[in-house]
Amino acid sequence: MRSTRAASAIERLNTRTETREYSMLRTSDERFVLTRRVAGQPMEKLNEPLELDEFVAFVNAQGPQKAKRVSKLDVQFEKNMRNKKDKAPPEGGAA
């Protein structure tokens, strides 16, 4: 089903926000709408109907973002690359 990616994006968003207030609607023309339901308030549509890829990108940008995991090796690699650039001779210089 096409909506599996969209449903997975909603599940990730609900996990990041630690609440189950987000869901999606699927329109008759195969587009998706993100909705938010808070107790005591009517359902709120957060976007206009979007195609699948646009919808998944929109949902992924919502809510708090997870910090990207960085290993010690990644940190050391970045440090080595910066040091290598600093020690490189200027371009176009005579050797």
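All of these numbers come straight from a predicted model, not from anything done at the bench. By convention here, the first residue in the shown sequence is residue 1.
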Look up atom [atom1] in [X] and atom [atom2] in [Y], then write down how far apart they are to the nearest 0.5 Å.
{"X": "R20", "Y": "I10", "atom1": "CZ", "atom2": "CD1", "result": "10.0 Å"}
{"X": "K79", "Y": "M81", "atom1": "NZ", "atom2": "CE", "result": "15.0 Å"}
{"X": "F77", "Y": "R82", "atom1": "CZ", "atom2": "CZ", "result": "11.0 Å"}
{"X": "N47", "Y": "E54", "atom1": "CG", "atom2": "CD", "result": "10.0 Å"}

Using the side chain to side chain contact (heavy atoms under 4.5 Å, CB included) criterion, which residues pair with [X]? Sequence neighbours excluded.
{"X": "K72", "answer": "none"}
{"X": "T27", "answer": "D29, R31, V33, P49"}
{"X": "V38", "answer": "E21, R36, Q41"}
{"X": "N60", "answer": "A9, R12, V56"}

For N14, which residues count as a side-chain hydrogen bond (donor to acceptor under 3.5 Å, both in side chains) partner, sequence neighbours excluded?
none
Contacts of T19 that satisfy side-chain hydrogen bond (donor to acceptor under 3.5 Å, both in side chains) - sequence neighbours left out:
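Result, side-chain hydrogen bond (donor to acceptor under 3.5 Å, both in side chains) vs T19: T17.
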Pairing residues for [X] by the salt bridge (charged side-chain N to carboxylate O under 4.0 Å, His left out) criterion, not counting sequence neighbours:
{"X": "R16", "result": "none"}
{"X": "E44", "result": "none"}
{"X": "R37", "result": "none"}
{"X": "E78", "result": "none"}

Just grab all the ring pair (Phe, Tyr, Trp, His ring centres under 6.0 Å) pairs involving residues 36-56, residues at least two apart or on different chains.
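Sorted pair list: F32-F55.
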Can you list every ring pair (Phe, Tyr, Trp, His ring centres under 6.0 Å) pair that touches residues 56-75, not counting sequence neighbours?
none
May I have the step-by-step check of side-chain contact (heavy atoms from CB on, under 4.5 Å) for D74 and R69, ending in yes or no?
CA-CA 10 Å; D74 292 333; R69 288 181 54 180; over 6 Å; no
Looking at every non-hydrogen atom in both residues, tell me the closest pair between A6 and M24 and how far apart they are.
CB-SD, 3.6 Å
Salt bridge (charged side-chain N to carboxylate O under 4.0 Å, His left out) between R5 and D53: does it pass, once the steps are laid out?
CA-CA 9 Å; R5 282 186 50 216; D53 293 334; 2.8 Å; yes
Less than 4.5 Å apart, side chain to side chain, heavy atoms only: is that true for Q62 and L34?
yes
When hydrophobic residues are tied together by side-chain contacts of less than 4.5 Å, even through go-betweens, does L13 share a cluster with L46?
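Yes, L13 and L46 fall within the same hydrophobic cluster.
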Is it the case that more than 12 heavy atoms not belonging to Q76 sit under 6.0 Å from its CD atom?
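Yes, enclosed.
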Expected output: side-chain T35 to main-chain S23 donor-acceptor under 3.5 Å:
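Judged by distance alone, yes, a pair lies under 3.5 Å.
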